[in-house]
Structures are given as structure tokens and as C-alpha cells.
Amino acid sequence: MASSNKVIKSSWAEEVESESALTPVSSEVFENNVKIVTEFKVLDNSKKVKIVRTYKIEKRIVPKSIALRKTWNKFGDSANDKSGPNPATTFIGEDVYMQFISSKEEDKKIDDGLDKLKALGNKNVVKCRSCGGDHWTSKCMFKDTFLTNANSNETKPTAAETKKSESLKYVPPSLRQGNTKRSDNTNRRDDNYPAIRISNLSESTTEEDLAELVKPFGFIHKLFLAKDKQTGLCKGFAYIHFKYKRDAAQVIARLDGHGYDHLILSVDWSRPQE
Amino acid sequence: MKPLILQGHERSITQIKYNREGDLLFSASKDNKPNVWYSLNGERLGSFNGHQGAIWCIDVDWTTTKCMTGAGDNTCKIWDCETGKETGNIPTASSVRTCMFSYSANMAVYTTDKAMKQPCEIFIIDVRTIDDSFSRQEPILRIPISGSRVSSILWDNLDESLITGHENGEIIQWDLKTGKKINSIKEHDQLINDMQWNKDCTMFITASKDHTAKLFDAETLMLLKTYKTERPVNSAAISPIAEHVVLGGGQEAMEVTTTSSRAGKFDSRFFHLVFEEEFARVKGHFGPINSVCFHPDGKSYASGGEDGFVRVHSFDSSYFEYNFDY
């Protein structure tokens with residue numbers, strides 16, 4: 001392998017500039033069958049980068065014709081390249097593996113999935129809001145008829161119609177009829193028992209800790225510790241329903257301002273939701 | 001395995017070919033500079049500068065002295081492999097779609113496209129002496145094609161006949177002495193993108209847009225095997241040492257932007273030659289693979305894709321240890 005160091009003569013102005021940049025000259029080192037090429041580059045943001053490439057030099061015994069071809073001079077766009085691969089045109093790719101396929105089923109499964117999606121087509125993806133069909137609302141066949149119906153109903157909605165429209169419209173769960181009823185029920189039932197709210201609990205508090213804390217005061221009807229859904233950690237407050245108001249009042253008196261788990265608890269009567 | 005990535009082209013690769021010994025890899029792309037590489041380390045030997053259009057085809061003779069390219073600039077050029085100099089230039093009436101040296105490299109064939117009111121035509125030329133008079137030299141034989149155009153070509157039977165693959169899926173065998181059809185079959189429904197020999201030239205494999213690759217007997221054009229995929233096959237090659245074929249393809253380039261690369265199936269796919277069953281895949285390209293070929297020693301293969309990269313893969317030991325269960 002031949003390497004040549006060319007000394008490029010340039011004008012003194014350029015030389016001064018290159019000296020001020022102080023870019024070390026790239027070097028090639030041969031060491032027992034390993035070629036180490038060190039290059040220095042100045043990036044656009046005037047950062048200097050050192051690039052070290054290591055090549056393993058192998059010797060192979062090849063037919064004469066191949067050996068002869070190896071000595072050919074480079075031509076065309078590669079005419080100025082040095083011997084050895086030019087990093088601009090040749091690089092080593094990421095490791096890829098040959099994926100062996102043991103059975104055909106695997107392949108089919110993937111295709112089936114795709115086909116299934118295709119077969120579904122517009123069916124479940126698109127739903128008309130006015131008639132519930134497999135098309136966009138704007139493309140509904142009954143669009144015109146429905147609109148006229150709606151106009152006439154606006155003036156005089158019958159009970160049945162409004163019920164229907166309600167069922168079609170999206171209602172947040174909190175506003176749904178069934179939900180309010182339920183919450184009313186629960187509230188009413190729990191209102192029978194005196195409730196207190198403990199806040200400023202530490203994250204690590206568990207239901208057992210809380211029970212241990214308030215049990216001595218009297219009979220507990222219900223204990224609720226607010227926990228984060230994802231992490232399961234305490235959100236910092238809890239509601240406790242006692243059987244007797246006397247016990248609850250005692251808890252408030254004793255635990256409000258009590259130091260617990262490096263935090264100071266704040267305990268008060270639980271205010272009913274509005 | 002860590003593939004060597006050859007990045008010498010600015011546009012999609014159209015054809016890649018190893019020379020007979022496999023030490024050089026020739027690549028042609030839609031930019032106008034075919035390249036030649038050392039297959040062992042991926043070092044670029046050079047580029048053949050001179051064309052003005054997309055290179056559609058490239059071939060090298062068996063002594064690796066001459067290289068031939070056909071391009072969209074209505075020329076077919078002969079190059080000297082050692083110096084990269086253009087030695088012969090044949091102007092044509094329309095773009096050159098396929099070209100190939102005969103086995104002895106005394107003759108060469110090229111075909112032109114049916115375009116600009118010109119018919120598709122097969123030209124057989126003498127390439128023994130390439131000098132100044134070469135471009136004015138009359139072809140030995142001209143075969144005008146009235147039907148569907150030639151999309152791939154092979155020399156057959158020690159330079160006595162030709163096999164052409166056509167745009168409509170037809171395969172025709174031509175007698176060179178008379179210039180007449182000997183045999184024709186139509187096993188494919190769509191364009192035949194590529195045809196390649198097996199090692200001893202007794203069988204050839206076709207790659208077609210109709211999502212299949214097929215193996216044919218060279219003498220009788222009998223259909224032997226069919227390899228089915230879900231995408232158009234752009235290229236197929238037969239391993240010289242194992243009973244394997246590799247198919248490269250993927251969906252058409254114009255549809256690529258509308259789907260993810262996972263769905264595109266841009267893998268090289270290995271099929272068993274006899275059982276027609278796929279047994280392995282190699283990923284890597286970002287676009288459809290336009291050309292695949294095995295190294296003549298069968299220990300590595302190269303693929304060139306629509307993404308403009310040529311990837312040279314040397315097989316791991318797992319490939320050689322793999323036994324097909326049957």
C-alpha cells in the first residue's frame with residue numbers, strides 16, 4: 001500500500017489563516033496489520049473534531065488477474081482518492097441479521113392482520129352521527145331529511161324526541177343522569193355518618209397506616225385514602241367516616257396540627273360536595 | 001453481518017453486477033455515472049464519466065477488460081475497465097434498456113426502447129476491435145420487435161441464441177443465425193424486470209412485476225419453479241453454491257411515500273430453490289430493491305435499491321449452517 005504526502009503550496013495569506021486555525025495535520029499510522037487514520041476537521045460551528053478510523057489490513061492470496069486489478073489506478077470521480085476505502089463513498093452499515101423464517105404461519109398472521117383491517121374498511125372507523133351508518137355525517141343520505149326534521153322539532157319538541165336526542169348526544173359521565181342519581185344516593189347514605197377530611201398526608205401513607213392512626217378514637221364506618229391511579233401512591237388526603245360524631249370531633253381536636261411522617265396534618269370536617 | 005454500504009450514486013440504482021471473479025462490482029444508477037467497486041472492502045475503483053442520461057444497464061466481459069453501459073441519453077458506450085476511459089460509443093435512436101456481452105465477449109447485444117416513434121429493436125454488435133470506426137460499424141444483426149418491448153435479455157447456448165424477457169411477461173428465444181424466434185412462452189402476466197443465470201447456465205430465473213419470480217430451463221423454456229411474494233419482484237439471483245435464490249423487490253417506487261417501510265417489504269428474501277419456500281430475510285434498504293446478485297463464490301451478495309445505496313452483505317456462519325427442514 002503506497003501512501004504519498006503532498007505538500008500543497010499556497011499563498012502566504014492562506015497559510016496565516018490556517019496557522020491561526022491550528023488544525024493538526026491528519027496522519028496515517030501503520031502498526032502490525034492495522035492502519036490508523038487520524039483526521040481533524042473544523043465544523044461549521046467552529047468546533048474541532050478528531051476522527052480516528054481503524055482499518056485492518058488483510059493479506060489474501062488471489063489469482064493473478066485479481067492481484068493485477070488491485071494495482072489499477074483509480075479513475076473518474078475516485079481519481080484523487082487514496083488507496084483504501086474512501087469514507088465519503090464507503091462505510092460500514094449497522095449490523096443486520098438474517099431473519100430465518102421457520103414456518104409460513106408467522107408471515108400469514110401479519111398479513112391476516114392487515115387484511116382484517118382492510119376488511120373492516122370504513123365500517124367501524126366512520127360512523128354517521130345522524131343515522132349511525134358507515135359514512136361521514138356530511139355524506140349521510142338522510143342529511144337533508146334529518147335537518148328538516150330537526151328544524152320542525154325545534155319549535156315543538158316532544159318528550160320522546162328529546163330523550164332520543166339526549167341518547168345520541170355525547171354526555172360526559174359526570175353529567176349523566178344515572179351517575180348523579182348514584183352519587184346522590186351515596187352522599188345521602190354517607191351523610192348519615194360524620195365525615196372528616198385529613199389532608200397533608202405524605203406520599204408513602206397507606207390505608208393501614210391511616211387506620212392505625214385513627215382507630216383508637218372510635219369505630220370507623222368507612223375509610224377512603226385518595227391514591228394516584230397510575231403510581232398507587234397517596235395523593236395527600238383522606239376521608240374518614242366515623243360512626244359517632246363525638247369520635248370524629250375528638251379526632252379533629254387531637255390530630256389537627258399533629259406531626260405525622262415529617263408533615264403536619266390538617267384535619268377538619270369534610271364539606272359536602274356542591 | 002455488517003454490510004458494506006456503497007454510496008457513490010445520487011439516484012436510484014438500476015443494475016449491479018459482479019465480474020466473473022467477483023473482485024469487482026459494477027453499479028449503474030439513474031444518475032449518469034456508473035461506478036466500479038472492489039467488492040472485498042467496498043473501495044471505489046472509479047466512475048465511468050461520460051453519459052448524459054440515466055444508465056439502465058451495465059455489463060462486464062469475462063476478462064474484465066471491457067465494460068458496457070446503456071443509457072437514456074440514446075447511447076450505448078463501451079469503457080475500458082482499467083482506465084475508465086470511454087472507448088466506444090454507439091448512438092441509438094431511443095434509449096438503451098438492456099445490454100450484455102456474449103459469453104466469449106466477441107459480440108454484445110443491446111436493445112432499444114419503443115419510444116419517439118422508434119420500434120423496440122435488438123442489435124447484435126461485434127466488439128472484438130474497438131477503435132474509431134466502432135461507432136459507424138453496422139450491427140451484425142438487427143431484430144425489430146413488433147410487439148411488447150424487451151425489458152431484459154440473456155445470451156444463451158454459448159452465444160448461439162438469445163433469450164429476451166418482455167414488458168408483457170413473454171419470454172422469447174431467438175436463433176442468432178437466422179434472427180428468427182425459436183420458442184416463446186408466456187408464464188408471467190406483467191413486465192419481466194430481470195433475468196439471471198444459474199452458475200452453469202442451464203437454468204435462469206426471472207423477476208416479474210406480477211409478484212413472482214420463476215425458474216426456467218434454458219433449453220426448452222420449461223417452467224420449473226415459482227417463487228411467490230406479495231410485492232413486485234425487481235430482481236432475482238441464484239446462489240452459485242447452495243440451492244437458494246434471493247429476490248429483491250418491494251412495492252413500486254411511486255407508491256413508497258404512502259406506506260411505512262415496514263409495510264413496504266424492502267427486504268431481500270431468500271427462497272429455497274427446490275421447495276419454493278421462503279426461509280430468510282435481510283433488511284436494510286429504505287426503498288425497493290432494484291437489483292440483487294450473488295458473489296460468484298456464493299459467500300456474499302449485493303443489493304442495490306431505489307434509495308441509491310448498494311449494500312454488500314457477507315454471509316454469517318448462521319447462513320451456511322442453516323439447514324432447510326423437510
Side-chain angles (χ1 to χ4, degrees), chain A residues 1-2 33 35 37 53-115 117-118, chain B residues 1-9 19-24 33-38 40-50 63-65 79-85 230 262-263 265 267-270 277-284 309-313 315-316 318-319 322 324-325:
Chain A
M1 217 170 271
N33 292 337
K35 182 172 95 169
V37 181
R53 291 194 185 83
T54 314
Y55 298 93
K56 198 172 106 192
I57 295 174
E58 280 183 5
K59 276 195 182 150
R60 294 203 180 200
I61 295 167
V62 290
K64 269 182 192 166
S65 60
I66 296 178
L68 185 70
R69 281 200 282 274
K70 194 73 198 160
T71 62
W72 285 358
N73 289 322
K74 291 183 178 181
F75 55 83
D77 289 354
S78 289
N80 299 325
D81 287 1
K82 284 180 194 163
S83 68
N86 179 355
T89 55
T90 310
F91 53 97
I92 310 270
E94 271 177 45
D95 221 348
V96 289
Y97 297 98
M98 207 167 200
Q99 296 173 302
F100 290 99
I101 300 159
S102 48
S103 64
K104 271 249 150 169
E105 272 80 66
E106 254 178 76
D107 196 28
K108 272 183 189 160
K109 227 185 243 168
I110 297 160
D111 285 350
D112 284 353
L114 266 178
D115 287 343
L117 269 180
K118 269 183 197 161
Chain B
M1 51 192 168
K2 283 198 168 143
L4 279 170
I5 300 175
L6 314 182
Q7 190 188 24
H9 293 288
N19 65 343
R20 184 174 55 94
E21 287 104 331
D23 60 321
L24 295 180
K33 290 171 184 169
N35 282 352
V36 55
W37 312 80
Y38 289 110
L40 195 65
N41 59 0
E43 187 178 346
R44 183 162 76 173
L45 173 61
S47 64
F48 300 106
N49 300 355
T63 54
T64 323
T65 50
W79 310 84
D80 180 38
C81 285
E82 187 177 346
T83 59
K85 297 249 164 60
E230 304 86 42
R262 176 67 200 87
K265 307 231 163 96
D267 314 351
S268 311
R269 309 172 74 169
F270 288 79
E277 228 169 272
E278 185 182 358
F279 66 89
R281 280 181 192 181
V282 176
K283 283 186 186 173
F309 293 110
V310 177
R311 297 169 73 94
V312 182
H313 307 79
F315 292 118
D316 284 336
S318 63
Y319 171 79
Y322 180 78
F324 195 83
D325 297 326

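Keep in mind the model is a prediction, meaning the values are calculated, not measured. Numbered from 1 within each chain, the chains take letters A, B, ... in sequence-line order.
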Value for CD (A/Q99) from CG (B/D267), rounded to nearest 0.5 Å, stands at 6.5 Å

Output for pair (B/D316 CG, A/M98 CE), nearest 0.5 Å, gives 8.5 Å

Going by heavy atoms in the side chains, are A/F91 and B/I5 under 4.5 Å from each other? yes

Query raised in the report: So is A/K70 actually on top of B/Y38's ring, under 6.0 Å and inside 45° of the axis?
Result: yes

Notebook entry, point to check: Distance only, no hydrogens: is a donor on one side chain within 3.5 Å (strictly under) of an acceptor on the other, for B/E21 and A/S65?
Noted result: yes

query: Taking side chain as C-beta onward, heavy atoms only, is A/T90 less than 4.5 Å from B/L4?
result: yes

With a 4.5 Å cut-off on side-chain heavy atoms, are B/K2 and A/V96 touching? no

Bottom line for B/T83: the part with an atom under 4.5 Å from chain A's heavy atoms is backbone

Taken to the nearest 0.5 Å, the spacing of A/R69 CZ from B/N19 CG works out to 5.0 Å

Applying a strict 4.5 Å limit to non-hydrogen atoms, the region of B/V36 in contact with chain A is side chain

Side chains of A/N73 and B/E82: does their closest heavy-atom pair fall under 4.5 Å? no

Which is it for A/T89 and B/W37 under the side chain to side chain contact (heavy atoms under 4.5 Å, CB included) test, yes or no, and what are the steps along the way? CA-CA 10 Å; A/T89 55; B/W37 312 80; 4.0 Å; yes

Could you check whether B/Y319 and A/F100 have their ring centres less than 6.0 Å apart?
no

A/W72 vs B/C81 side-chain heavy atoms within contact, under 4.5 Å: yes

**Study point:** Sub-4.5 Å side-chain heavy-atom contact between A/Y97 and B/V282
**Key:** no

Okay, B/S268 and chain A: the region with an atom under 4.5 Å from a heavy atom over there is neither

Chain A shares the most heavy-atom pairs under 4.5 Å, among B/P3, B/G50, B/G8, with B/P3

Answer whether the closest heavy-atom distance between the side chains of A/K82 and B/E43 falls below 4.5 Å.
no

Under 4.5 Å to a heavy atom of chain A? For B/H313 that would be side chain

Bottom line for B/K33: the part with an atom under 4.5 Å from chain A's heavy atoms is side chain

So that I can tick it off, tell me whether A/D81 and B/R44 are bridged by a salt bridge, with the cut-off set at under 4.0 angstrom between side-chain N and carboxylate O. no

Rounding to 0.5 Å, atoms CZ (B/R269) and CD1 (A/I101) come to a distance of 7.0 Å

Close side-chain approach of A/D77 and B/N49, heavy atoms under 4.5 Å: yes

Closest heavy-atom pair, A/S78 versus B/G46, reported as atoms and distance to 0.1 Å, is CB-CA, 3.9 Å

